[in-house]
There are 2 protein chains.
Amino acid sequence: MRQRMPTIHDVAREAGVAASTVSRAFSNPRRVNVHTRQHIVAVAERLGYRPNPLARALPSGRTTTIGLLLPDVTNPFFFGIIRGAERQANAAGYTLILMDTEESPEVETHNVERLGRAVDGFVLASSRQSEADIRAAAGRNAVVLINKQVAGVPSVVIDNTEGTRQVVEHLASLGHRSLTYLSGPPASWSNANRWAALRESAGRLGMRVTRIGPFSPTVSGGAAAADAAIGRGATAVVAFNDMLAIGTLRRFAERGWRVPSDISVVGYDDIFGADFCSPPLTTLASPREDCGRTAIDLLLRGGRGEVVLPSHLVVRGSTGFVTG
Amino acid sequence: MRQRMPTIHDVAREAGVAASTVSRAFSNPRRVNVHTRQHIVAVAERLGYRPNPLARALPSGRTTTIGLLLPDVTNPFFFGIIRGAERQANAAGYTLILMDTEESPEVETHNVERLGRAVDGFVLASSRQSEADIRAAAGRNAVVLINKQVAGVPSVVIDNTEGTRQVVEHLASLGHRSLTYLSGPPASWSNANRWAALRESAGRLGMRVTRIGPFSPTVSGGAAAADAAIGRGATAVVAFNDMLAIGTLRRFAERGWRVPSDISVVGYDDIFGADFCSPPLTTLASPREDCGRTAIDLLLRGGRGEVVLPSHLVVRGSTGFVTG
DNA sequence: CAACTTTTGGCAACCGGTTGCCATCACCTT
DNA sequence: AAGGTGATGGCAACCGGTTGCCAAAAGTTG
């Protein structure tokens, strides 16, 4: 049997004071006499009183809750972001709630509208919504974006420009004269950022670059990407992200191609799993905890600008000298 | 600049009707004349009206929101559970919010109390709370447990008894005469369930079983486990879960032990990564999507009992014949 | 001891919705 | 034309807190 929750009025009656006094005893203790307060607290304790967060939030409009929306909570890329956001939110006395939007712009928009007044603000990581919808959301709620840029909306982005230059130089130093980019979702900001950086860096070093795809940024998407890359005669592939790169590794193994002696593979993000796949993946690591932390910080401080965080190269076994 | 959100009263004034009529136009459409309703809807649309979920929930006590609490959202074990719960909740018109409790009983209890009235119920997956706290929570809210049993609280558990028998028979058929269990968290229900099943099945087949640990169920915990297992001269180890097993594989590789020719390794759960580690892991797969789906179902239907779901063996490259 | 200040508690309005009840009115019946 | 029925909209109370304002009580000062 579920019990009826005692309210502030129950406590007031039982303690022989007015409801407003009970309210103040909790939310503004110095406003009520010490003895009265102790009595009220004791009664509340005995009755098992818990303040109703909804009722409390209604007049004030503050919920001390922040919503973090992700296209896919099971994508290891977001783990660091979750951790960082969580820590920072807790440190500031906020509760972080996570929502998975299942890669759907509609689900994301719907949840933002539905949760609107139930949170103090949103962090939208790799949002799939249209710019218009994001602007609309930012008009109603405090919003901070991660890895997406919309004019007028504060954001935190991981910049791969400098890191990508390191990737290209690493491949060049191993003797590669060309590379193939396995592209990810066309709508992805990171995908555009990575491809642009790759073209520019490769161009500067006189390397040939081609792009194939788009592929689904998942392990299974890697099979198609691997097959397509073999067809192109590539000696090095740079995948949109680690998931795609890991899928590519598996497919190469299935088809008898050896990595890195037959072909080198580079990923992006350095996710969980990148260091225990076979061979371990060379990848461009991004400061994702920082990213989550900074986003919450921006949200709570009402920051306005755009924060850019750099990434760095991690060399492992999937890249090697060109042979033949 | 953030806009003031229009309320039902703004719409009412603008449409020239009473607030109650606007309310009904949305929540009980057949209660108001078609033309009035259309007019109200048009005005609401023009003003950008969005119902305030808090205000709506306050009188009714219903939020159409369910909280799923997890000790660690980044643990791949929970991915399937999240997916299953999400699907089922959405299908029933509920919003699922996720909360990470960071393996802490205190954080979990605190969040359950804080969110109490803000959700219609909780699914607690692998709860770290004490039985007393869980009972208290179940007294105030609808609660369903996953992989934990508390008398009187409905639950969904994955039963490894039968699956573990398959693991032991598989190892026996490969010529193993003994096995070592690498145990996980002492407080874990699954850990107890797995060890008990292992003892019983092995005993029936006349195999020797020993247990070492406990080890942290993480990749890094696997290093210690591997070293300890080598010291025992084991030919086969069964790890508490896949994370631990993967960590063990890595450590064996570092120390030059070959899997499976020198030693066989078995995990539990079949998480993301279990099929692309090296060698791919033999493991006992559990129906985790089912688990999440069933938990939500139980919660919404007000189910009372305990649902038991079976697991099944997936044989991959980490188990092989005993040599020497 | 009067006049003044500070402390303390209560009243009542409010946050933004929902809903029971009632009044009105159009439409039917016979 | 009187009486009955169903559809429709409004009033007001309520959900569980918060808070501005006021008055009574207590403390301070000369």
Side-chain angles (χ1 to χ4, degrees), chain A residues 3-41 43-44 47-65 113-120 140-141, chain B residues 3-41 43-44 47-65 113-120 140-141:
Chain A
Q3 340 158 0
R4 197 182 80 77
M5 284 294 282
T7 73
I8 214 167
H9 297 95
D10 299 322
V11 177
R13 190 175 341 99
E14 190 74 10
V17 297
S20 50
T21 307
V22 178
S23 172
R24 282 194 271 259
F26 289 105
S27 52
N28 193 2
R30 350 178 334 149
R31 185 63 180 65
V32 30
N33 187 288
V34 193
H35 300 105
T36 319
R37 199 180 79 81
Q38 287 177 339
H39 179 219
I40 291 174
V41 169
V43 171
L47 263 47
Y49 166 74
R50 300 272 182 291
N52 181 328
L54 273 60
R56 196 203 278 262
L58 193 49
S60 67
R62 289 195 62 236
T63 62
T64 58
T65 298
E113 299 204 340
R114 194 181 167 302
L115 242 56
R117 299 280 70 122
V119 298
D120 289 349
R140 286 183 259 107
N141 281 95
Chain B
Q3 339 160 1
R4 198 183 78 80
M5 284 294 283
T7 73
I8 215 168
H9 296 97
D10 299 322
V11 177
R13 190 176 341 100
E14 189 74 11
V17 297
S20 52
T21 307
V22 177
S23 172
R24 281 195 271 260
F26 288 105
S27 53
N28 194 1
R30 346 177 338 149
R31 188 62 180 65
V32 28
N33 186 288
V34 193
H35 300 105
T36 319
R37 200 179 77 82
Q38 286 177 339
H39 178 220
I40 291 174
V41 169
V43 170
L47 264 47
Y49 167 74
R50 300 274 182 289
N52 181 327
L54 272 59
R56 197 202 277 264
L58 191 50
S60 66
R62 290 194 61 235
T63 61
T64 58
T65 298
E113 298 203 341
R114 195 182 165 303
L115 243 55
R117 300 280 71 120
V119 299
D120 289 349
R140 288 183 259 108
N141 280 97

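Proteins come first, then strands; the chains are lettered A, B, ... in the order of their sequence lines, and each starts at number 1.
- Among the nucleotides D:dG16, C:dG17, C:dG10, the one closest to the side chain of A:N52 is D:dG16.
- One can find a donor-acceptor pair under 3.5 Å joining the base of D:dG10 and the side-chain atoms of B:R24.
- As rounded to whole Å, 11 Å separates atom P of C:dC14 from atom NE2 of B:H9.
- In terms of phosphate contacts, A:S23 brings a side-chain nitrogen or oxygen within less than 4.0 Å of OP1 or OP2 of D:dT18.
- Within 4.0 Å (heavy atoms only), B:R62 reaches no atom of the nucleic acid at all.
- To the nearest angstrom, P of C:dG9 lies 11 Å from NE2 of A:H35.
- Side chain of A:S27 to backbone of A:S23: a donor-acceptor contact under 3.5 angstrom is found.
- Atom pair B:R37:CZ and D:dA7:P shows a separation of 17 Å (rounding to whole Å applied).
- Listed pair B:R117 / D:dG16 fails the phosphate criterion, with no side-chain N or O lying under 4.0 Å from OP1 or OP2.
- At a threshold of 4.0 angstrom between heavy atoms, the contacts of B:Y49 are confined to the sugar-phosphate backbone, with no base atom among them.
- The separation between B:R13 atom CZ and D:dG10 atom P is 14 Å, rounded to whole Å.
- Judged by distance alone, the side chains of B:R117 and B:T63 never bring a donor and an acceptor atom under 3.5 Å apart.
- Separating the CZ atom of B:R30 from the P atom of D:dA7 is a distance of 9 Å, rounded to the nearest angstrom.
- For A:P59, counting side-chain heavy atoms from C-beta on, the closest listed nucleotide (D:dG17, C:dG17, D:dG10) is D:dG17.
- In this structure, A:D120 contributes its side chain and A:R62 its backbone to no donor-acceptor pair below 3.5 Å.
- Comparing C:dC11, C:dG17, D:dG10 by their closest approach to the side chain of B:S20 singles out D:dG10.
- Within 4.0 Å of A:V22, counting heavy atoms only, lies no atom of the nucleic acid at all.
- Judged by closest nucleotide on DNA chain D, A:M5 is the one of A:R31 and A:M5 placed further toward the 5' end.
- Counting heavy atoms from C-beta on, the side chains of A:N141 and A:L115 never come closer than 4.5 Å.
- Contact between the side-chain N/O atoms of B:T21 and the OP1/OP2 oxygens of D:dG10 is found at a separation under 4.0 Å.
- When heavy atoms are screened at a 4.0 angstrom cut-off, A:A18 is found touching the sugar-phosphate backbone but no base atom.
- Note: B:L47 CG to B:R13 CZ = 9.0 Å, rounded to the nearest 0.5 Å.
- Whole-Å rounding puts the B:F26 CZ to C:dT19 P distance at 15 Å.
- Side-chain atoms of B:T7 and B:N52, non-hydrogen and from C-beta on, never get closer than 4.5 Å to each other.
- When the P atom of D:dG16 is taken as reference, atom CD1 of A:I8 falls 11 Å away, rounded to whole Å.
- For A:N33, whose side chain is taken as the heavy atoms from C-beta onward, the closest listed nucleotide among D:dG16, C:dT8, C:dG10 is C:dT8.
- We find that CD1 of A:I40 is positioned 14 Å from C1' of D:dG17, with the value rounded to whole Å.
- Which of C:dC15, C:dG10, D:dG10 sits closest to the side chain of A:L58 comes down to C:dC15.
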